[in-house]
Colleague: 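The structure follows.
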Amino acid sequence: MASETTLTDLPSITPEQCDDQLSDYIRHNDWEGVLLTLRIMQQLEFVQTEQTFLKCLQATSSSTNSTDNSLLVEVWNALKQTVEPTRMHVEYILDHCSSMSSRDDDDDVWSLLRQSSQTHNDAIQVLCRRGQWKWALREWKLFQQRESGHNASAIDSTQAETYRALWNVCIHAKDCPIETLLSLLQGAEAILTAADVLELLQMAAPQQSWRTVWTFWEFLRQHHAAKLTLDCYHAILFHRHVPLTTAQSLLRDLQRTQSPTIETYNRVMYLAQRERNVPLVLQLLQELQQKYNLAPNAVTYTHVVRACLQDRQWKRALVVFEVAQDKLGRLDVYLYTAAMEACVALKQSGRALQLLDEMKQQKIVPNSFTYRVAMQAAPHRALEFLHELKATSDDASIPLITYNAALQALAQTAKQQAKEPHVATTTTNTTNSANETTPVWQYAVNLLEEIKQQNLQPDGFTYNAVIMCCCHGPWELALQYIQEMQDSSQPPNRLVYTAAIASCGKHGQADHALHLLAQMKRNKIQPDLVAYNAVFTALRVAHRPEQAWQLWNELLEQGTAQPKTLMLTRTEEAGVPKRQYSSGKANLLPDIITITEVIGALAGADDSEDYQTQVDGILAYAVARKLLLNGFLDSSNEINLSGLTFSVARAACRYLLKHYEHVDNQELTLITGVGKQSNKTSLRDYLQAWLEQEFGLKSSIPRFAQGTLVISSESLLRRASRS
DNA sequence: GTAGGGTTAG
């Protein structure tokens with residue numbers, strides 16, 4: 001509309017006026033006016049500034065008429081005559097073409113950008129920054145094709161920069177296939193310097209899956225072997241998922257061209273200890289010293305000690321610890337903690353606590369790991385340790401696992417106290433020693449409160465420990481906590497249910513125990529043997545023989561599924577085998593505890609014939625499973641009864657006398673043990689009296705075998721003829 | 001370079 005007048009004014013126009021005019025046209029979306037003005041400016045050789053360029057582009061790209069690129073192309077071409085486009089201009093162009101990733105008809109714009117290497121490069125980098133790796137890659141390939149056509153000279157720094165940007169976006173893109181990454185590498189062999197290779201590895205390794213990183217590594221080994229420095233090896237060695245065997249071969253591989261450092265060895269040793277490969281860890285320890293004259297540091301020794309711990313070679317762990325002490329002088333908290341773990345495993349609590357003192361003296365601050373072990377060493381001091389930890393740790397927040405350890409320690413203390421009430425375990429309380437009458441469970445309840453106040457979410461471990469404390473306090477709390485968990489996002493698991501059952505059971509709350517058992521089944525949690533055993537305890541304490549018998553049969557029906565042979569996984573060396581609890585339906589085979597509890601529960605019943613048959617059946621089962629009376633099956637005349645409860649021993653004797661094939665002139669020896677506790681009747685004395693009373697059998701205690709009862713052949717014969 | 005739970009008992 002205003003175009004005509006502008007043309008007539010042409011001779012007298014100034015650059016400033018042109019610019020004003022331009023702004024005016026832009027404001028009114030008059031694109032013809034804009035182009036006309038630009039052309040006039042060219043004709044008059046007014047130098048357009050970068051600002052002009054930007055202003056026009058900005059206006060064009062935000063114009064509503066964005067379906068057509070021709071205007072943009074025109075503006076661009078008009079401007080480019082006098083101004084060199086910069087990255088920012090390219091960016092505006094790409095802004096305008098934001099839908100480019102889904103359309104091919106932006107090719108006219110792309111041909112603009114491809115006109116010079118400069119803008120082409122800029123465009124690729126912009127795409128990279130926007131995460132549009134597919135488009136960036138396409139342009140990069142075009143770019144390379146063109147460059148390789150006429151220019152074989154060295155790659156300039158802009159191109160290297162572009163390449164790295166591209167690489168960066170591709171390795172971070174979730175949907176970028178490894179083939180693409182490799183092809184990207186293939187095209188850039190000239191670009192990659194040793195520093196690049198390292199940078200790429202360090203960038204890729206933590207982000208990518210192990211498979212990807214490894215493929216990448218193999219490629220680099222093939223094409224860039226000379227560029228693989230020690231740091232490159234480290235980048236891949238420190239990948240989260242590097243397998244031990246690969247780490248080993250990487251170590252061997254790098255040894256051919258460079259010298260590993262202590263960090264190299266530490267990493268491989270770390271991986272080895274995780275797989276409890278003690279021999280390998282020790283071999284590496286030796287190798288790094290002898291072959292490379294490297295000095296093991298605290299980390300190195302920690303891995304060695306931990307390898308021993310993992311393999312349950314606790315004495316050896318302590319030996320290594322002492323070696324470390326010798327060689328290093330000053331140790332660190334990891335080493336001390338690991339050594340304390342070994343002491344606890346060896347039941348050398350005193351030594352563990354001694355180490356704790358020692359580290360404090362050395363001004364090595366114990367942390368939550370250390371105190372967790374300390375709590376195991378001295379459960380009755382758990383609260384004291386917790387207190388210490390709060391006082392010394394800088395962030396003042398205690399991890400849940402540490403609280404849980406304290407609660408576990410409290411549970412253990414409560415159990416201990418219940419067992420030996422006269423032995424005072426007073427030190428549970430640190431703040432006021434006057435308060436010795438506070439029951440342990442109360443501390444547990446308080447601690448649970450504290451956990452909640454700290455905004456920590458108590459977990460199964462927490463409740464399990466708290467409920468175990470309630471075994472020795474108000475059992476109602478167990479039910480309350482089960483309910484609490486059910487109402488929360490953390491429903492009770494098998495162990496929590498079991499603890500609750502045990503808690504009720506100890507108090508003779510058989511109905512609640514049975515109810516909990518039913519409840520866990522309802523909630524699709526398969527009770528395991530430990531849970532069943534806890535229910536049997538409840539039935540025994542509550543004197544419920546009928547229900548015990550019923551449950552026993554229920555258990556037998558389920559438990560016949562697959563007898564499981566427990567295998568010890570270690571074959572070599574002297575690692576102490578680990579005691580395993582197996583869970584699930586497959587392992588509902590009654591064990592000696594089941595037998596003890598069921599018989600204990602039935603023993604309360606009268607001596608009816610039913611009862612005799614029931615107990616006899618249980619005994620037959622137990623003997624067949626070799627849970628009891630080993631030796632009976634081998635027709636030995638020595639039978640071990642030691643360690644049995646009175647009722648089980650009684651049932652066993654009854655069974656024995658009924659089924660024992662008496663060989664002429666052979667006496668029968670019952671091994672009972674002497675019985676250590678002076679204040680209690682020993683099994684030996686109890687059985688001796690009972691045998692006489694029940695069967696009129698006289699037995700003697702040989703002078704040199706005080707832990708046995710011998711029934712003479714004559715007595716046995718006499719009894720046989722009587723019945 | 002670190003972490004974990006349970007049942008019986010004259």
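Letters go in sequence order (proteins before strands), and every chain restarts at 1.
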Colleague: Regarding A/Thr498, tell me which of base, sugar-phosphate or nothing describes its non-hydrogen contacts under 4.0 Å with the strands shown.
Modeller: base
Colleague: Using the side-chain hydrogen bond (donor to acceptor under 3.5 Å, both in side chains) criterion, which residues pair with A/Glu263? Sequence neighbours excluded.
Modeller: A/Thr261
Colleague: Base, sugar-phosphate, or nothing: which does A/Val496 touch, judged by heavy atoms less than 4.0 Å apart?
Modeller: base
Colleague: Partners of A/Asn493 by side-chain contact (heavy atoms from CB on, under 4.5 Å), sequence neighbours excluded?
Modeller: A/Leu495, A/Val496
Colleague: Need one value for A/Ala405: base, sugar-phosphate or nothing, where a base atom within 4.0 Å counts as base even if backbone is also close, heavy atoms only.
Modeller: nothing
Colleague: Measure from the side-chain heavy atoms of A/Ile593 and tell me the nearest of B/dT8, B/dG5, B/dG4.
Modeller: B/dT8
Colleague: From B/dA3, B/dG5, B/dT8, pick the nucleotide closest to the side chain of A/Leu495?
Modeller: B/dG5
Colleague: Determine the contact category for A/Thr594: base if any of its heavy atoms lies under 4.0 Å from a base atom, sugar-phosphate if only primed atoms, P, OP1 or OP2 are that close, otherwise nothing.
Modeller: nothing
Colleague: Which parts of residues 459-476 of chain A get close to DNA chain B, meaning a heavy atom less than 4.0 angstrom away?
Modeller: A/Asp459, A/Gly460, A/Phe461, A/Asn464, A/Met468
Colleague: Look at A/Arg494 and B/dG6 and indicate whether a side-chain polar atom (N or O) is within less than 4.0 Å of OP1 or OP2.
Modeller: no
Colleague: Distance check needed: B/dT7 C1' versus A/Leu551 CG, whole Å only.
Modeller: 13 Å
Colleague: Identify whether any heavy atom of A/Thr302 sits under 4.0 Å from a base atom; if not, whether one sits that close to sugar-phosphate; answer base, sugar-phosphate or nothing.
Modeller: base
Colleague: Take the protein atom CG of A/Asp685 and the nucleotide atom C1' of B/dG10, then report the distance between them rounded to whole Å.
Modeller: 12 Å
Colleague: Applying side-chain contact (heavy atoms from CB on, under 4.5 Å), can you list everything that pairs with A/Ala377, at least two apart in sequence or on another chain?
Modeller: A/Val344, A/Ser349, A/Ala352, A/Leu353
Colleague: Is it true that the side chains of A/Glu358 and A/Gln325 contain a donor and an acceptor less than 3.5 Å apart?
Modeller: yes
Colleague: Between the base of B/dG1 and the ring of A/Tyr334 - centre-to-centre under 5.5 Å, planes within under 30° - is that a stack?
Modeller: yes
Colleague: Could you give the CG-to-C1' distance, from A/Asn266 to B/dT2, as a whole number of Å?
Modeller: 14 Å
Colleague: Taking 4.0 angstrom as the limit, do A/Glu694 and A/Arg654 come out as a salt bridge?
Modeller: yes
Colleague: What's the closest nucleotide to the side chain of A/Thr402 if the choices are B/dA3, B/dG5, B/dG4?
Modeller: B/dA3
Colleague: Base of B/dG6, side chain of A/Asp528 - is there a donor-acceptor contact under 3.5 Å?
Modeller: yes
Colleague: Strictly below 4.0 Å: does A/Lys506 bring a side-chain N or O up to OP1 or OP2 of B/dT8?
Modeller: yes
Colleague: Counting only side-chain N and O atoms of A/Tyr336, is one of them less than 4.0 Å from OP1 or OP2 of B/dT2?
Modeller: no
Colleague: Whole-Å distance between B/dG4 P and A/Met375 CE?
Modeller: 15 Å
Colleague: Go through B/dG6, B/dT2, B/dG1 for me and flag the one nearest to the A/Arg306 side chain.
Modeller: B/dT2
Colleague: Tell me whether A/Phe646 and B/dG10 count as stacked here, given that the ring centres must be under 5.5 Å apart and the planes must differ by less than 30 degrees.
Modeller: yes
Colleague: Which nucleotide sits closest to the side chain of A/Pro399: B/dG1, B/dA3, B/dT8?
Modeller: B/dA3
Colleague: Whether the side chain of A/Asp332 and the base of B/dG1 hold a donor-acceptor pair under 3.5 Å is what I'd like checked.
Modeller: yes
Colleague: Below 4.0 angstrom from OP1 or OP2 of B/dT2, is there any side-chain N or O of A/Arg274?
Modeller: no
Colleague: How far does CZ of A/Arg540 sit from CG of A/Leu602, to the nearest 0.5 angstrom?
Modeller: 12.0 Å
Colleague: State whether the distance check finds a donor on one side and an acceptor on the other, under 3.5 Å, for side chain A/Asn367 versus base B/dT2.
Modeller: yes
Colleague: Quick one: A/Arg540 CZ to B/dG10 P, roughly how many Å, whole number?
Modeller: 7 Å
Colleague: Mind checking what makes side-chain contact (heavy atoms from CB on, under 4.5 Å) contact with A/Pro206, not counting sequence neighbours?
Modeller: none
Colleague: Looking at the side chain of A/Glu597, which of B/dT8, B/dT2, B/dG6 is the nearest nucleotide?
Modeller: B/dT8
Colleague: Tell me the interatomic distance from A/His234, atom NE2, to B/dG1, atom P, rounded to whole angstroms.
Modeller: 12 Å
Colleague: B/dG5 P sits how many Å from A/Lys415 NZ, rounded?
Modeller: 13 Å
Colleague: Got a sec, which residues hit side-chain contact (heavy atoms from CB on, under 4.5 Å) with A/Lys327, two or more places apart in sequence or on another chain?
Modeller: A/Gln289, A/Tyr301, A/Val323
Colleague: Give the rounded distance in Å between these two atoms: CG of A/Leu447 and C1' of B/dG5.
Modeller: 16 Å
Colleague: With no hydrogens and no angle check, just 3.5 Å: does a side-chain donor-acceptor pair link A/Asn266 and A/Asn297?
Modeller: yes
